[in-house]
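Structure record follows, encoded as structure tokens.
Quick note on labels: first sequence line is chain A, next is B, and so on, each numbered from 1. Computed from a predicted structure; not experimentally measured.
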Protein chains: 2
Amino acid sequence: MAEDAPRRHPTLDEVAGLAGVSRSVASRALNNAPHVSRAKREAVERAVRQLGYVPNPTARALATRQTGAAALVVSGEDPSIFADPFFAQVIVGASAALEEADLHLMLCLAATDRGRKRVEELLLSRGADGVMLMALREDDPLARMAEEAAMPVVFGGRPVGPAPRWYVDVDNAGGAREATEYLISLGRTRVAAICGRLDTEAGRARYRGYRDAVLAAGLDPFAPQEGDFTEPSGAAAMAALLADHPDVDGVFAANDNMGAGALRTLREAGRRVPADVAVVGFDDLTVARIADPPLTTVHQPVTALGREMARMLVALIDGQDPTPLILPTRLVPRSSA
Amino acid sequence: MAEDAPRRHPTLDEVAGLAGVSRSVASRALNNAPHVSRAKREAVERAVRQLGYVPNPTARALATRQTGAAALVVSGEDPSIFADPFFAQVIVGASAALEEADLHLMLCLAATDRGRKRVEELLLSRGADGVMLMALREDDPLARMAEEAAMPVVFGGRPVGPAPRWYVDVDNAGGAREATEYLISLGRTRVAAICGRLDTEAGRARYRGYRDAVLAAGLDPFAPQEGDFTEPSGAAAMAALLADHPDVDGVFAANDNMGAGALRTLREAGRRVPADVAVVGFDDLTVARIADPPLTTVHQPVTALGREMARMLVALIDGQDPTPLILPTRLVPRSSA
DNA sequence: GCTTCCAATGGGAGCGCTCCCAGGGCACAC
DNA sequence: GTGTGCCCTGGGAGCGCTCCCATTGGAAGC
């Protein structure tokens, strides 16, 4: 290690000493609290500059019982779930909102047992001021842990089961309904759904939305063709669909990855898109734009999701009681439908 | 907030009291340090369980002067740079390695002025035990800050300029050379390069690798056609290339996004890939697989990059002096070349 | 001129943990 | 019986900050 600076960090006491004031006054000056004369305030500022003083966040955390950090926990049995660019966008939003509140972002991938244990400890030990929880599974142990933790918790996307007290979600059902209605409005009558994992609330809600739209149009809904939100699973689901229902003329895929997979299978099967089969995805990630043909999809405000989660968490930390939020989606017509 | 647990967290003192030992003994038992009799150790364990005691990480951090966290700082003037799935993969690797060392991961997007200021404070105040720095620009103020910080710092990817003391990088030049040699081995003689930003070391090194390969084959290198690593910039660069050199028959794109953009432009221009123009990308992200045609590309071990950065940082924190690491790349032939 | 009040001040007690160190106790060798 | 070690043990001093509280002194009000 570079030992260029062998001298310890200056402490508040040293600042106070140099400024000729007490530690209390120095502290107040630093946090620009009242009851500090202009002269002393300036003396403290001068001393801070002269010493290159930077407050020790750990000591402050201990004294205030606030860590100055919020955690974003991403559940999932496989760490690579996080490789989905979806989370990256969530983080961009969350990070910006936390920055405004001067909170640091801790990222916890609770994929392994050890990871989950560490999250539990975090929750129990108040190692953060609050937690954002995402991608919980059905019966995810994190849900129980979060409930027991005496700490603000915001859910990103509702988990399966009863809705938590505080969450931010996207209007999955509404978006799926709109996508399906769009396919129907195009004259498609044999519209199938490639679902995401049905042990996630997003997977279920999107299928619900599809089903509602199909039923409302007086058509017959297809049984859910389940994938796992990955491109290969979408390709496989599309293949199964073609085998069972060769006359399918419209497909709602519960996310863009699976939609892209479906496009690939259709291309390999010699079906023209959208002439023979129209396809709509969900998410509006990069993959939708670069798919061939570019995928008509349901845009969900992912960055906003992260931002709103963080804002809700900050409100909670500030002792407020925000209301859950459901963000709107928007259909983005491209070439695949 | 749910006030189900209005009682404070038990402290070590309370554990010690219940176990009938001193705080010192309780502390030693907890950290399973020596000099604790079997009987007292068990008494402490019992008390811990009975009270549901969880150590306060902040207090421990203050006493040990170790925060128990490592930060991953992603620079860049635009927060959305982080939306690149590249970083998500790095995080998967880094997170796993940090988990092994029982360190938490703090994520800092140093895009805004405020973000940079917070990183500086983190560095100066030892708000983390170590820092991983990525995506630094030329003359990035973070480089100087990192240098001055009395804290272990590992670079992910070398910054422009003199190599830092500790870094993990990918063999950018080697990968680019291999990609270009591959194009040449296919009989292409007019091989162009769509470069990434040339104010990044990766952008420069990849162009260098391209240039070396072209020169070694006795061909004429094209002037760098600069993009910014995004799909549209790749498309634009390809259009410019076609305008200036209609006879181009091979393209090395410095990353997959730009490669995908190039494919799009070629398709729109009616050029067949790879018959008329062969294209090779770099990164081997999802986009390469789903591009049309699937993009031949240079795989770089992104997760390993994150893992090795974290391991190097842990070694540094442990007082060791690891050596810089350059990870190998691998050509992945698909259909575009 | 004498209360009344309040801004300004600094002392000191924590926050919950680690770790140094002096002091027992006990076994073993002399 | 007296040493010589060791292993345990618990007291206590921090780590660096915040914040309560008692104290002071000067301005304002009568």
Using a cut-off of less than 4.0 Å, is there contact between a side-chain N or O of B:Arg60 and OP1 or OP2 of C:dT18?
yes
Need to verify one output field. Residue with the more 5' nearest nucleotide on DNA chain D, A:Arg28 or A:Leu12?
A:Leu12
What's the NE2-C1' distance between A:His35 and D:dA22, to the nearest Å?
14 Å
Donor + acceptor pair across side chains of A:Arg60, A:Asn31 (<3.5 Å)
yes
Given atom CZ of B:Arg126 and atom P of D:dC17, what is their separation to the nearest angstrom?
15 Å
Any base atoms under 4.0 Å from A:Thr64, or only sugar-phosphate, or nothing? Heavy atoms, all strands.
sugar-phosphate
Out of C:dT9, C:dG16, D:dT18, which has the shortest distance to the side chain of A:Arg23?
D:dT18
Between A:Glu147 and A:Arg144, does at least one N-O distance fall below 4.0 Å, as a salt bridge requires?
no
The nucleotide from D:dG12, D:dC7, C:dA7 with an atom nearest the side chain of B:Ser24 is D:dG12
Starting from P on D:dC15, measure out to CG on B:Asn56 and report it in whole angstrom.
18 Å
Would you say the side chain of A:Ile317 lies within less than 4.5 Å of the side chain of A:Met312, judging by non-hydrogen atoms?
no
Just how far is it from atom OH of B:Tyr53 to atom OG of A:Ser125, taken to the nearest 0.5 Å?
10.0 Å
Contact class for B:Pro55 vs. all strands (heavy atom < 4.0 Å): base, sugar-phosphate, or nothing?
sugar-phosphate
Rounding to a whole Å, what distance do you find between A:Asp13:CG and C:dG11:P?
11 Å
Rounding to an integer number of Å, can you tell me how far A:Tyr53 OH sits from D:dG16 P?
10 Å
Nearest to the side chain of B:Ala59 - C:dG16, D:dT18, C:dT9?
C:dG16
When you get a sec, tell me which of C:dA7, C:dC17, D:dG16 is the closest nucleotide to the side chain of B:Leu62?
D:dG16
Is the closest basic N to carboxylate O distance between B:Arg116 and B:Asp140 below 4.0 Å?
no
Please give, in whole Å, the distance from C:dG16 P to B:Leu30 CG?
15 Å
Does C:dC17 have its OP1 or OP2 closer than 4.0 Å to a side-chain nitrogen or oxygen of B:Ser27?
no
Quick check on C:dG16: is either OP1 or OP2 less than 4.0 Å from any side-chain nitrogen or oxygen of A:Arg65?
yes
Phosphate-side-chain proximity, A:Asn31 and D:dT18, N/O vs OP1/OP2 below 4.0 Å:
yes
Taking only the side-chain nitrogens and oxygens of A:Thr58, find out if one of them lies under 4.0 Å from OP1 or OP2 of D:dC15.
no
Ignoring backbone atoms, establish whether B:Ser22 has a side-chain N or O less than 4.0 Å from OP1 or OP2 of D:dT9.
no
